[in-house]
Student: 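Okay, here's the structure, questions in a sec.
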Amino acid sequence: MNFSRATWKVALPTLILILSPGFLQGQDGPLGISPAVGVTIGTSGIGGELGARLHERLGARLGVSWIPIEPEIDEDEHDVTGSAELPSPIIRLMADFFPWGGSFHLTAGVEHFSGGLTLHGIPSDSVAIGDSKYSAEEIGEIEGKFWGSETAPYFGIGWQKVTGRVQPYFELGAALTGAPKASIRILGPAGGQVDLEEDLEEEIREIEDDASSFVAYPHLMFGLRVRLGG
């Protein structure tokens, strides 16, 4: 896991603060702080969070999610068999602002993505790359990678129950990862040939142009947290 040093400098003190004995005293602790642990599910996968309501209008969360699936590429639709590896784990550090001191909150923070999207495919027919066509035997296997910023600013809005020990919550937002970059590798006999490499560069430029509007990773999350302490 290649979590950036700058993000650790923020995340680690937050984690230590939330886990400190004073926080674990719950509502009766200093400043009325209410720590909680939770489970989450959404577009970032499944995972858990550790957080605290630091003040009536301020909260902090540190979470991690995993995407436990590897989608298959359907040969019938694409003349390719293969699979996709999604970015996982995803680590997030969030600050929640409750403008009216109730359930609604605005969120700002950072999300760290461990890698991007990786595709592995074996063609069953000839493949057009750039202005040329290559046979399935020449290509062998294709590996494509697509990625944006590994550590990206995040903004969102949400709602959480603030009373009781068990508190469901919902959040909608986006991590601003920027326009994705792409790379393609040919692992078969034609890999490394000058003509093919030139065709690949043209193909990559077209892919990046087509994907240039995808500058954010959507975040839709449902969670359930349990308040600790008294």
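What you see is a predicted model; the values in this text were computed from it and never measured.
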Student: Taking only residues two or more places apart in sequence, or in another chain, which ones meet Y154 in a ring pair (Phe, Tyr, Trp, His ring centres under 6.0 Å)?
Tutor: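 Here the qualifying residues are H219.
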Student: Look at the side chain of R227 and the backbone N and O of A36, then say whether any donor-acceptor pair between them is shorter than 3.5 Å.
Tutor: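 Looks like no, no N/O pair under 3.5 Å.
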Student: Could you work out the complete set of other residues in the hydrophobic cluster of L220, with links drawn between I, L, V, M, F, W and Y side chains under 4.5 Å apart?
Tutor: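 Result for L220 is I41, I46, F170, L172, F222.
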Student: Just verifying a value: how many Å separate L93 CG and E49 CD, rounded to the nearest 0.5 Å?
Tutor: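 Atom-to-atom, L93:CG and E49:CD are 10.5 Å apart.
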Student: Do S83 and H120 have side-chain N/O donor and acceptor atoms under 3.5 Å apart?
Tutor: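 S83 vs H120: no donor-acceptor pair found between side chains.
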Student: Heavy atoms, side chains only, cut-off 4.5 Å: are R53 and Q167 in contact?
Tutor: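 Of all side-chain heavy-atom pairs linking Q167 with R53, none is under 4.5 Å.
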Student: Could you tell me the separation between the CD atom of E85 and the CD1 atom of I69, rounded to the nearest 0.5 Å?
Tutor: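 E85 atom CD to I69 atom CD1 measures 12.5 Å (nearest 0.5 Å).
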Student: Can you check whether W147 reaches P180 side chain to side chain, under 4.5 Å on heavy atoms?
Tutor: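 No. Closest side-chain heavy atoms not under 4.5 Å.
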Student: Does R205 reach the main-chain N or O of E208 with its side chain, forming a donor-acceptor pair under 3.5 Å?
Tutor: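 Pair absent, no side-chain N/O of R205 close to backbone of E208.
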Student: Check whether any side-chain heavy atom of Y134 sits under 4.5 Å from a side-chain heavy atom of D199, and report yes or no.
Tutor: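 When only atoms from C-beta onward are counted, D199 and Y134 do touch, with a gap below 4.5 Å.
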Student: Please find the pair of heavy atoms, one from I122 and one from G140, that lie closest to each other, and give the distance.
Tutor: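 Heavy-atom minimum between the residues: CG2-O, 3.4 Å.
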Student: Could you grab the distance from atom CD1 of I139 to atom NZ of K133, nearest 0.5 Å is fine?
Tutor: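 NZ of K133 is found 12.0 Å from CD1 of I139.
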Student: Give the C-alpha distance, both sets of side-chain angles, the deciding distance and a yes or no for side chain to side chain contact (heavy atoms under 4.5 Å, CB included) between E202 and E206.
Tutor: CA-CA 6 Å; E202 180 182 342; E206 292 180 1; 3.6 Å; yes
Student: Looking at every heavy atom in both S212 and V215, which two are closest together, and how far apart are they?
Tutor: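 That would be O-CG1, 3.4 Å.
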Student: Classify the side-chain pair R92/T40 by whether it contains a donor and acceptor separated by less than 3.5 Å.
Tutor: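 Short answer, yes.
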Student: If Ile, Leu, Val, Met, Phe, Trp and Tyr residues are connected whenever their side-chain heavy atoms lie under 4.5 Å apart, and connections chain through other members, are Y169 and F98 in the same group?
Tutor: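 Unlinked, Y169 and F98 end up in two clusters.
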Student: Between S44 and E111, is the side chain to side chain contact (heavy atoms under 4.5 Å, CB included) condition met? List the steps.
Tutor: CA-CA 10 Å; S44 297; E111 282 196 324; 4.0 Å; yes
Student: Without swapping roles, check the side chain of S88 against the backbone of I67 for a donor-acceptor pair under 3.5 Å.
Tutor: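 Checking the backbone N and O of I67 against the side chain of S88, a donor-acceptor pair under 3.5 Å is found.
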Student: Rounded to the nearest 0.5 Å, what's the gap from CG on L196 to CD1 on I186? Could you check?
Tutor: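 It is 5.5 Å, given to the nearest 0.5 Å.
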Student: L106 and W100: same hydrophobic cluster, using ILVMFWY side-chain contacts below 4.5 Å?
Tutor: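 In one cluster with L106: W100, yes.
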Student: Under a single-linkage definition using a 4.5 Å side-chain heavy-atom cutoff for Ile, Leu, Val, Met, Phe, Trp and Tyr, are L117 and I90 assigned to the same hydrophobic cluster?
Tutor: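 Same hydrophobic cluster.
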Student: Between T107 (side chain only) and F155 (backbone N and O only), is there a donor and an acceptor less than 3.5 Å apart?
Tutor: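 No, the answer is negative, given that no donor and acceptor are paired below the 3.5 Å cut-off.
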Student: Would you say the side chain of I142 lies within less than 4.5 Å of the side chain of L187, judging by non-hydrogen atoms?
Tutor: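 They are not in side-chain contact.
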Student: NE2 of H105 to CG of D96: how many Å apart, nearest 0.5 Å?
Tutor: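 It comes to 4.5 Å.
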Student: Without swapping roles, check the side chain of S149 against the backbone of A152 for a donor-acceptor pair under 3.5 Å.
Tutor: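 No, because the side chain of S149 does not come within donor-acceptor range (under 3.5 Å) of the backbone of A152.
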Student: Using only atom types and a distance under 3.5 Å, with no angle test, would you say the side chain of T118 pairs donor to acceptor with the backbone of K145?
Tutor: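 Such a contact is absent between T118 side chain and K145 backbone.
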Student: Looking at R185 and E141, is there a salt bridge between them, counting it only when a charged N and a carboxylate O are closer than 4.0 Å?
Tutor: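 R185 and E141: not salt-bridged.
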Student: For a quick test of reading the model, state the closest non-hydrogen atom pair linking S114 to P89 and the distance between them.
Tutor: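 Minimum heavy-atom contact is OG-O, 2.9 Å.
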Student: Should L119 and F113 be regarded as members of a common hydrophobic cluster, given that ILVMFWY residues are connected when their side-chain heavy atoms come within less than 4.5 Å of each other, either directly or indirectly?
Tutor: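 Same cluster.
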Student: If Ile, Leu, Val, Met, Phe, Trp and Tyr residues are connected whenever their side-chain heavy atoms lie under 4.5 Å apart, and connections chain through other members, are L62 and L224 in the same group?
Tutor: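 L62 and L224: separate clusters.
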Student: Ring pair (Phe, Tyr, Trp, His ring centres under 6.0 Å) with F97: which residues, sequence neighbours excluded?
Tutor: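 With neighbours one apart ignored, the set is empty.
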Student: Output yes when a side-chain donor or acceptor of E171 lies under 3.5 Å from a complementary backbone atom of M221, and no otherwise.
Tutor: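 Absent.
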Student: Does a side-chain heavy-atom distance below 4.5 Å link I204 with I184?
Tutor: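 Counting from C-beta outward, I204 and I184 do come under 4.5 Å.
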Student: Could you tell me which non-hydrogen atom of L176 sits nearest to which non-hydrogen atom of A216, and how far apart they are?
Tutor: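 Closest pair (atom of L176, atom of A216, distance): CD2-CB, 4.1 Å.
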Student: How long is the span from the CG atom in L200 to the OG atom in S132, to the nearest 0.5 Å?
Tutor: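 Here the rounded value is 10.0 Å.
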